Amino acid sequence: MSLARAESRRLVKRRLTKVIVIGVLLVLAAVVAGSWFSSEKVGAAQVAAAKAEADRNYQEALRSAAADKEKCLAAQGTPEASQWPADCNQLFTPTIEDYNYEWYMPATFVLREEFPLMVAVFALVLAAAAFLVGASFVGAEWNSGGMMNLLLWRPQRLRVLGTKLAVFLGWVTVLALVLGAAWTGLFRLLAEYRGSTENMTSGVWQSFGLTGLRGLAVILAAGALGFALASLGRHTGMALGALVAFGALDIGAYIMASLAGLSFPDLWFVPYWLIALLTKEFVTTDWTSCDYSSTAGCEPATFTMTWQTASIGLAAVTVLIVGASMLTMRKRDIT
Amino acid sequence: MTAVLEISGLRKTYRGRKGVRNALDGFDMVVEAGQVHGFLGPNGSGKTTTLRTLLGLIKPNDGRMAILGREVPRHLPAVAREVGAIVESPQFFGNFTAETTLSLLADAGGVNRNRVHSVLDLVGLRDRSKERVKTYSLGMKQRLAVASALLKEPKLLILDEPANGLDPGGIREMRTLMRTLSESGMTVLLSSHILGEIQLICDSVTIISAGRRVTSGSVSSVLAQHTSGGVRVRLEPGVDLVGAAQLLRAAGAQVNLEKDHFTVGNASNPAQITKLLAERQIYVSELSPVAADLEEVFLELTGTAPVAGHSRQVDETVMSAGKGGWGQ
Ligand SMILES: Nc1ncnc2c1ncn2[C@@H]1O[C@H](COP(=O)(O)OP(=O)(O)OP(=O)(O)O)[C@@H](O)[C@H]1O
Ligand SMILES: [Mg+2]
């Protein structure tokens, strides 16, 4: 218990922890503020304004089409005729259908539709922060020799590393839950005052809750991976290096898969799996294929990447790397 | 007396790109309770490796170790509370203050945080304890390290080159501190290259060379075993030293010429020297037995005495001589 308390104090006292938490708060605040100012409540007035705007644009387009036609007719027989079609009636004439008023409506935040995306944004921001803080929490300790001192006090290696990881993930969970609650509350308010809370059944809230849990899983996995990679390499930079190397390899694999003409190269791109995990599924399409049916004609084949598969993959990778870090911790000579 | 620390047959092999290196090659050591025990050896002889192994930081290939009568590393978690240690200039996380660093260690080890201030005071860092460790000088970091080792009020204190970077006042303070600690019943194991210091504060010593013990015992017994039995001879100013030395050599003496005097190694009967010289009208102005000091003994035992015109390499010691190193 005393070890957990010490690690807890160490984590909170670190400057990088504070800087990153403040950074996260600023980014999240910026997203909320941006959404607030770019969203507007719609009522009869907005609909009327949008219709007027659409009509104005339509009239404008008609006028300019008429002017063009006149110029075209005037040019007949002169050298400039080559710039115009031979038959001036072929010039484009706008129709009223091209000016749907809905396109002129201000952006409005519909909680039911858009909040899941906001949960994904939240999870990605926190996951990046957790990766960094986790890596530096243990990386700086290895690098500075603090880990050696600590082991002189508590010569129980797995216990020391395990407690560190557990304390860190505990704090990440607390932070994610508190900020997540604030995030939900703020977007609820935003929808209330600047957007729409239509069709918010309890089923929808439940689905938000599940999305949030998947987000939490991603955040915790990112934190654990950062921690374990930095501990394996005994340096914060090793975690960042590993991440960059993995990114480069993944992009390489994606490109190779595309070049090799595999049906679904997207399957090789890990970020898509992350999207699948956060937004329930990601559908990738093989545009070169053709599933023929007499009713719909040629339909390209699709592959649905599900969050279940994605989470099994993420869990396996996390367990593997954290396991490797624990194993080397048990075995290695500390000099 | 009981042994606080026992090591026997300790073996540690480092595997590197250039093959294997036997850092410890069947090393033995015993430290009795309540003593200040000096741990001496040339660079790279295995002192730090021994201490790291003892403290569970590296795994030995073979051998037995016990601290306070309990087998380690198996019982290390249980005895760790009783052992305060610094291993080769310990480093600390630079952005924390000395106070934070120690209080975190105290928390981790279940020691009362109130001790932090008294140990910082003891090592002279009280007024700087709220500054970040990375702003400290070498000696200040070393003092902090000593403070961290004392924090637990250990029964066994292990200090690897604690005087490294300390100023003369600091070295003297360290000496008195160690005396006080050992009088209060603490056992101290002290590795150092400052042999004058060791001779002053240690009750007993172990000398290691190339991973093996070359001698051990109380300081006086080690000195006695290796007393040269030599005498220092000084002549009247202006007298031909070289000539006198040749005279004695001709009579079978082992003479070492120095700038203004010479020493005779095997002078079992010093009267012989005066007699031989007086016969040639050379008169001795001083004739005194050479008191063996630890430095001489150390250099002799480890075979690391400098030889004119030869730069000795780190692994050239008595123990390695047979392996095609420097011919002794
Ligand atoms: N991590 C390591 N990997 C490989 N060899 C090592 C390692 N650490 C130490 N050694 C080797 O083991 C031997 C003993 O080193 P050790 O640090 O114990 O010496 P020491 O007696 O403490 O020397 P010093 O007086 O210079 O501090 C040396 O030859 C050294 O090169
Ligand atoms: Mg050393």
Side-chain angles (χ1 to χ4, degrees), chain A residues 1-20 133 135-168 171 230-231 234-236 327-335, chain B residues 12-15 23 48-49 51-60 67 72-81 83-97 99-113 132-134 141 144-145 148-149 151-152 154 158:
Chain A
M1 213 46 228
S2 59
L3 189 57
R5 197 180 56 202
E7 290 310 322
S8 203
R9 285 215 301 141
R10 190 194 313 278
L11 178 62
V12 175
K13 268 182 185 285
R14 300 207 50 207
R15 202 176 39 175
L16 191 93
T17 311
K18 294 175 194 162
V19 168
I20 289 196
V133 174
S136 105
F137 182 46
V138 73
E141 198 75 347
W142 274 117
N143 192 28
S144 69
M147 183 65 94
M148 196 178 100
N149 281 317
L150 190 57
L151 288 174
L152 290 181
W153 281 70
R154 295 296 289 251
Q156 295 140 297
R157 299 186 179 191
L158 288 188
R159 178 124 174 238
V160 165
L161 197 67
T163 306
K164 245 183 206 308
L165 179 59
V167 164
F168 166 65
W171 276 106
S231 181
R234 300 210 236 177
H235 200 291
T236 313
L327 204 69
T328 44
M329 180 66 175
R330 210 163 70 96
K331 293 233 154 116
R332 73 164 41 131
D333 281 351
I334 296 165
T335 54
Chain B
K12 173 69 190 178
T13 316
Y14 286 112
R15 268 159 225 292
T48 303
T49 304
L51 301 183
R52 284 207 174 105
T53 313
L54 194 61
L55 296 165
L57 295 176
I58 58 184
K59 297 223 156 58
I67 296 178
V72 291
R74 197 144 61 87
H75 295 293
L76 196 58
V79 293
R81 181 65 190 73
V83 183
I86 65 176
V87 180
E88 213 158 70
S89 306
Q91 302 290 312
F92 299 95
F93 181 60
N95 281 326
F96 283 165
T97 65
E99 200 178 57
T100 305
T101 304
L102 292 191
S103 80
L104 285 173
L105 282 177
D107 266 6
V111 170
N112 192 340
R113 262 193 241 166
R132 286 189 295 162
V133 172
K134 73 171 168 202
K141 283 185 195 147
L144 176 60
S148 80
L151 194 55
K152 292 191 243 189
I158 295 177

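Order of the sequence lines fixes the chain letters, A, B, ..., with proteins taken first and strands second; residue numbering starts at 1 for each chain. The structure presented is a predicted model; accordingly, all values stated were derived computationally and were not measured.
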Non-hydrogen atoms of [X] and [Y] that approach each other most closely:
{"X": "B:Asp107", "Y": "A:Arg5", "value": "OD1-NH2, 3.2 Å"}
{"X": "A:Arg157", "Y": "B:Gly56", "value": "NH2-O, 2.9 Å"}
{"X": "B:Ala108", "Y": "A:Ser2", "value": "O-OG, 3.7 Å"}
{"X": "A:Ser144", "Y": "B:Gln91", "value": "O-CB, 2.8 Å"}
{"X": "A:Trp153", "Y": "B:Ala80", "value": "O-CB, 4.2 Å"}
{"X": "B:Lys59", "Y": "A:Asp333", "value": "N-OD1, 3.2 Å"}

Worksheet entry | B:Arg74 atom CZ: more than 12 heavy-atom contacts under 6.0 Å |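 Incorrect, the count does not exceed 12.
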
Worksheet item: Can you tell me if CH2 on A:Trp142 sees more than 12 non-hydrogen neighbours from other groups inside 6.0 Å?
Response: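 Correct, the count exceeds 12.
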
Worksheet entry | For A:Arg10, all residues meeting side-chain hydrogen bond (donor to acceptor under 3.5 Å, both in side chains), sequence neighbours excluded |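 With sequence neighbours excluded, A:Arg10 shows a side-chain hydrogen bond (donor to acceptor under 3.5 Å, both in side chains) to A:Glu7, A:Glu141, given in chain and number order.
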
Worksheet item: Can you name the side-chain hydrogen bond (donor to acceptor under 3.5 Å, both in side chains) partners of B:Lys134, sequence neighbours left out?
Response: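 B:Lys134: side-chain hydrogen bond (donor to acceptor under 3.5 Å, both in side chains) contacts with B:Asn95.
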
In Å, rounded to the nearest 0.5 Å, how long is the span from [atom1] of [X] to [atom2] of [Y]?
{"X": "A:Arg15", "Y": "B:Arg132", "atom1": "CZ", "atom2": "CZ", "result": "5.5 Å"}
{"X": "A:Arg154", "Y": "B:Arg81", "atom1": "CZ", "atom2": "CZ", "result": "11.0 Å"}
{"X": "B:Thr100", "Y": "A:Arg14", "atom1": "OG1", "atom2": "CZ", "result": "13.0 Å"}

Worksheet item: Between B:Leu76, B:Leu105, B:Leu55, which shows the greatest number of heavy-atom pairs under 4.5 Å with chain A?
Response: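 Winner by heavy-atom pair count: B:Leu105.
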
Fill in: Heavy-atom check, side chain of A:Arg9 versus side chain of B:Ser103, under 4.5 Å
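Yes - at least one pair of side-chain heavy atoms lies under 4.5 Å apart.
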
Practice prompt. Find out whether B:Leu57 and A:Leu152 are in side-chain contact, i.e. whether some heavy atom of one side chain is under 4.5 Å from a heavy atom of the other.
Written response: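 Counting from C-beta outward, B:Leu57 and A:Leu152 do come under 4.5 Å.
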
Heavy-atom contact with chain A under 4.5 Å, split by part of [X]:
{"X": "B:Thr49", "value": "neither"}
{"X": "B:Val87", "value": "both"}
{"X": "B:Ala149", "value": "neither"}

Worksheet item: Most heavy-atom pairs under 4.5 angstrom with chain B, which of A:Leu150, A:Thr163, A:Thr335?
Response: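 Highest number of heavy-atom pairs under 4.5 Å: A:Thr335.
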
